[in-house]
Amino acid sequence: MYLNFFSKTKLITHILCAMFVTLYSFGQNTRPKLVVGIVVDQMRYDYLTRFFDTYGEGGFKRLINEGYNCKNNHFNYLPTYTGPGHASIYTGTTPKYHGIISNNWYDKISKTTVYCASDTTVTAVGTTALAERMSPRRMLTTTFADQNRLFTQFRGKSIGISIKDRGAILPAGHSANAAYWFIGKQEGNFVTSSYYMKTLPKWVSAFNTSRKVDDYLKTWNTLYDIDTYTESGADNTNFEHGYIGKAKAIFPYNLKRLAKDNGGYDILKVSPFGNSIVTDFTIRAIEEEALGKDDITDVLTVSFSSTDYVGHNFGVNSKEIQDTYLRLDKDLERLLKALDAKVGKNEYTVFLTADHGAIHVPAYLKRHKLPAGYLDTEKRAEAFNTFLADTYGTTDLVENVSNNQIFLNKKVVKTLGLNLEDVQKEILNEQLEYEHVSKVYTATTLASASFTQGIEALLQNGYNQKRSGDVIVVNTPAYISYPEKGSTHGSGLNYDTHVPLLFYGKGIAKGSTFKKTEVTDIAPTVSALLGISFPNFTIGEPLEFMFKND
């Protein structure tokens, strides 16, 4: 079969790119001893620029000044949530293929809501809490950590660490040696599950019993003089939740005194000290697991989740979020110094990105005459139920409504003698009539059409035929279903999709670009650097322009 000129050109380009990657990976001694993937939960790109002058020299600035900064990096799907974000970064593909379509979603087979990392076939290790039965089994594709395990005949280690279980589990992959996450409440320990091991390693148990975590139940005040925090809004506003037991969300916060009414050790998650605990544990893991100590590449994934908790609680323009990032900057500096000392300054590679961004508090935007607001989901649900009853004589036609998706009961559709596609279209037209609904698409359209740009392309990349719903609703920009305090995320708008991407270390050049990159490019870039196979459903491309050319 003959290829036209454009097909030939595209084919030649892919061949040359593959040759470059192969020559680059195997022709030079570029393989680092350790790859460290850092995800900062809910980090907007402008946190790099907005707080830049207040950062020290050894954290974010070190990565920017000595590494490569992709300034126009975006998520290429929606919804922009934690589970899909972490899965996409490390698999190099989107929910359409890796299957993590949200943090929680309605399962059409079991007719129940499932969690992205839950697994009833395993048991918790390090705690008796049944809620900690977790594994990566719901993720359908491999990560670059999995590919590194295969390439090294499973001699290269893969370890994931986070406050959140999903932030530790999904990045480390299916074949990980371990994933550790933090359980709060009355325990304050790092735990895992029987998917990885039967008992905690001695060093993890020792870390837990040392009660290092108790040192962080202290007063949270600003790192520097609060009057110097001119990059954020006022401390006393009506846009913040704060903590139970404290009348106003203003500094300082006595975390030890407030812990009882705020979930015990869980209060540390909603403070910058959750990131500090993760840093402490990560540095101990590097040492105890001998990561990067030989020439067989190891993979360490670290997710800093407290930024997300603080953002949800206080909002993206709060003094609390600025202080959290200034303290994270110090924790990053500690981590990089530990890597210098334990692995060697020129022997490891780091990337830093985020799993999603966040919206300014809509009430704050409205005050400044910017278009934004809140959805009346109860009113919308009442109108929809009335429509179903009037049109079809029953509301049983709809099985579930969640994640801006409508799931139809196929048996009821068949029993009523209805055509599924016709029902989808009728619901689409009904939903479009509702206030603050911007666009609506059917599963039939998303499964058959081919979109290349705009919100339609993002929807399609996030749509999984086996797991997603029958009708997908897109709300008006900056209108959210959320309390009128704090920030959230999940849309396909720039405030949610535009996130940092920094590469630093062995094999990485110094520089920056405004060329658009996507989070699905990260996994193939790391794979190319290591000279290993891409994750099995990667759709991204290696960012070869950031490779050091020796």
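Quick note: numbers below take in every heavy atom, side chains included, and nothing from hydrogens, waters or symmetry partners. Everything numeric here is computed off the predicted structure, so don't read it as measured data.
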Inset, instruction - Keeping to residues at least two apart or across chains, list the salt bridge (Lys or Arg N to Asp or Glu O under 4.0 Å) pairs with something in residues 116-126. - result: Asp119-Arg137

Legend entry - Asn275 (side chain) donor-acceptor with Ser306 (main chain) under 3.5 angstrom: yes

Legend entry - Centroid-centroid under 6.0 Å between Tyr180 and Phe190 rings: no

Legend entry - Centroid separation Phe144 to Tyr90 less than 6.0 Å: yes

Inset, instruction - Return yes if some donor-acceptor pair links the side-chain N/O of Asn403 with the main-chain N/O of Gln405 below 3.5 Å, else return no. - result: no

Inset, instruction - Name all residues meeting the ring-ring contact (aromatic ring centres under 6.0 Å, His included) criterion together with Phe384; count only those two or more places apart in sequence or in a different chain, and write none if there are none. - result: none

Inset, instruction - Not counting sequence neighbours, which residues clear side-chain hydrogen bond (donor to acceptor under 3.5 Å, both in side chains) with Ser481? List them please. - result: none

Legend entry - Leu78 side, atom CG; Leu493 side, atom CG - distance, nearest 0.5 Å: 9.0 Å

Legend entry - Set of side-chain contact (heavy atoms from CB on, under 4.5 Å) partners for Arg327, sequence neighbours left out: Trp220, Leu223, Pro272, Phe273, Asp323

Inset, instruction - Measure centre to centre between the rings of Tyr504 and Phe351, then say whether the value is under 6.0 Å. - result: no

Legend entry - Polar contact flag, side-chain donor to acceptor under 3.5 angstrom, Asn221-Thr219: no

Legend entry - Where at least one partner belongs to residues 54-64, residue pairs that pass salt bridge (Lys or Arg N to Asp or Glu O under 4.0 Å), sequence neighbours excluded: Glu57-Lys61, Arg62-Asp340

Inset, instruction - Dump the intermediate steps for side-chain contact (heavy atoms from CB on, under 4.5 Å) on Val316 and Val361, then the final yes or no. - result: CA-CA 7 Å; Val316 306; Val361 178; over 6 Å; no

Inset, instruction - Go through the structure and list residues passing side-chain hydrogen bond (donor to acceptor under 3.5 Å, both in side chains) with Asn76, not counting sequence neighbours. - result: Glu518, Thr520

Inset, instruction - Without swapping roles, check the side chain of Ser487 against the backbone of Ile359 for a donor-acceptor pair under 3.5 Å. - result: yes

Inset, instruction - Using only heavy-atom distances, determine whether the side chains of Tyr309 and Gln42 contain a donor-acceptor pair under 3.5 Å. - result: no

Legend entry - Distance-only polar pair, side chains of Tyr97 and Asn464, donor-acceptor under 3.5 Å: no

Legend entry - By side-chain contact (heavy atoms from CB on, under 4.5 Å) - contacts of Asp496 (at least two apart): Thr80, His489, Ser491

Legend entry - Atom pair CZ/CG of Arg334 and Leu339 - distance to nearest 0.5 Å: 12.0 Å

Legend entry - Those residues that, when tested against Lys485, pass side-chain contact (heavy atoms from CB on, under 4.5 Å) (two or more places apart): His241

Legend entry - is_close_aromatic(Tyr47, Tyr45), centroid dist under 6.0 Å: no

Legend entry - Flag for His74-Thr517: side-chain donor and acceptor within less than 3.5 Å: no

Legend entry - Side-chain H-bond candidate by donor/acceptor type, Thr112 with Ser110, under 3.5 Å: yes

Legend entry - Backbone N/O of Tyr115 and side chain of Arg138: donor-acceptor pair under 3.5 Å: yes

Legend entry - Test item: side-chain donor near acceptor, Asn104 and Thr113, under 3.5 Å: no

Would you mind writing out the side-chain donor-acceptor pairs for residues 364-373 within the sub-3.5 Å range, not counting sequence neighbours?
residue, atom, partner, partner atom, Å
Tyr364, OH, Asn317, ND2, 3.4

Inset, instruction - Would you indicate whether Asp214, at its atom CG, is surrounded by more than 12 heavy atoms from other residues, nucleotides or ligands within a distance under 6.0 Å? - result: yes

Inset, instruction - Look only at the side chain of His312 and the backbone of Val270, and say whether a donor-acceptor pair between them is shorter than 3.5 Å. - result: no

Inset, instruction - Taking only Lys NZ, Arg NE, NH1 and NH2, and the carboxylate oxygens of Asp or Glu, determine whether Glu456 and Lys439 approach each other closer than 4.0 Å. - result: yes

Legend entry - Under 3.5 Å donor-acceptor, Arg467 side chain and Gly99 backbone: yes

Inset, instruction - Flag the pair Tyr106 / Phe407 as yes when their ring centroid distance falls below 6.0 Å, and as no otherwise. - result: yes

Inset, instruction - Answer yes if the side chains of Asn189 and Arg211 hold a donor-acceptor pair under 3.5 Å, and no otherwise. - result: yes

Inset, instruction - Could you list the residues that satisfy side-chain hydrogen bond (donor to acceptor under 3.5 Å, both in side chains) with Ser305, not counting sequence neighbours? - result: Ser162

Legend entry - Which residues share a side-chain hydrogen bond (donor to acceptor under 3.5 Å, both in side chains) with Asp266, sequence neighbours left out: Lys269

Legend entry - Aromatic ring pairing Phe51/Tyr55, orientation class (parallel under 30°, perpendicular over 60°, tilted between): perpendicular

Legend entry - Expected output: side-chain Ser193 to main-chain Met134 donor-acceptor under 3.5 Å: yes

Legend entry - Residues Asp41 and Lys164 bridged, charged N to O under 4.0 Å: yes

Inset, instruction - Establish, yes or no, whether a centroid distance under 6.0 Å links the rings of Tyr482 and Tyr374. - result: no

Inset, instruction - Scan side-chain atoms only and decide if Asn494 and Arg44 contain a donor-acceptor pair under the 3.5 Å cut-off. - result: no

Inset, instruction - Have a look at Asn208 and tell me which of Thr127, Val191, Val213, Leu200 forms a side-chain contact (heavy atoms from CB on, under 4.5 Å) with it. - result: Leu200

Inset, instruction - List for me each residue that meets side-chain contact (heavy atoms from CB on, under 4.5 Å) alongside Glu333, sequence neighbours excluded, and say none if there are none. - result: Lys330, Lys337

